[in-house]
Structures are given as structure tokens and as C-alpha cells.
Amino acid sequence: MAQRGGPTPQILYGVSMVGPDEAWAAGEEGAIVHYQNGTWAPYPADPTLFTSYYDLQMVSGSEGYAVGDQAIIAWDGTRWSALGSGPDGA
């Protein structure tokens with residue numbers, strides 16, 4: 001079934017709540033979306049982090065992690081940054 005509406009046309013695989021009014025979700029083709037104040041919004045993609053993400057876990061509003069095809073990324077409260085890469089070094 002195709003998604004209807006929403007902040008991204010990409011399939012989202014992982015979602016993690018920060019609290020009752022904040023969440024993050026991640027999925028295909030580097031899609032990362034943020035829910036806050038009742039609205040989902042796409043988070044601007046960093047081309048160096050472009051991969052499909054299959055899961056994410058938010059520890060708090062200033063710490064979270066996502067894993068994907070060739071990357072592990074971390075949220076520091078300001079931006080997502082690469083922590084590691086896949087076995088082929090990509």
C-alpha cells in the first residue's frame with residue numbers, strides 16, 4: 001500500500017518517540033522526519049549521509065542513533081553526523 005500524504009514520499013522503517021509531543025522517523029533514500037508541535041516535517045538531508053535507514057533510537061531530544069545500509073549516524077541535538085560505515089568502508 002502506498003503512503004498517502006505525509007512529510008516524505010519515502011517508506012519509513014523506524015520511528016522513535018522522544019516524548020508525547022516529539023518523535024523522529026527514518027527510512028529509504030536518507031529520509032529523516034521530525035515530529036514536533038503536532039506536525040511531521042522532513043529534516044534536510046545531508047548528502048554525505050545519504051543511505052536507507054532501517055532503525056533509529058532516540059535517547060533524548062539531544063541524543064539519538066540511526067542505522068542503515070552503509071552508515072551509523074548520531075543526533076547531537078543540532079545535526080545528524082556519521083559515526084561509522086559499513087564493512088566495505090562506503
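Residues M58 and E22 are not in side-chain contact: their nearest non-hydrogen atoms beyond the backbone lie 4.5 Å or more apart. Taking 4.5 Å as the limit, every side-chain heavy atom of I73 sits out of range of all side-chain heavy atoms of Y65.
Taking A41 as the reference, nothing meets the side-chain contact (heavy atoms from CB on, under 4.5 Å) condition, with sequence neighbours excluded. Residues forming a ring pair (Phe, Tyr, Trp, His ring centres under 6.0 Å) with Y54 (at least two apart in sequence, or on another chain): Y13. By the side-chain contact (heavy atoms from CB on, under 4.5 Å) test, A25 pairs with L12, V15, V33, W40, sequence neighbours left out.
Atom CG in L83 sits 7.0 Å away from atom CD1 in I72 (nearest 0.5 Å). A distance of 14.0 Å separates CH2 in W24 from CD in Q57, rounded to the nearest 0.5 Å. Atom CD of E28 is separated from atom OG1 of T51 by 10.5 Å, given to the nearest 0.5 angstrom. Of the inter-residue distances, the one linking S60 atom OG with W75 atom CH2 reads 11.0 Å to the nearest 0.5 angstrom.
Residue G14 comes nearest to L56 through the heavy atom pair O-CD2, 3.0 Å, listed as atom of the first residue, atom of the second, then distance. Closest approach of G61 to V18, counting heavy atoms only: N-CG1, 3.5 Å.
Not less than 6.0 angstrom separates the ring centroid of W80 from the ring centroid of Y53.
Side chain of S52 to backbone of E29: a donor-acceptor contact under 3.5 angstrom is found.
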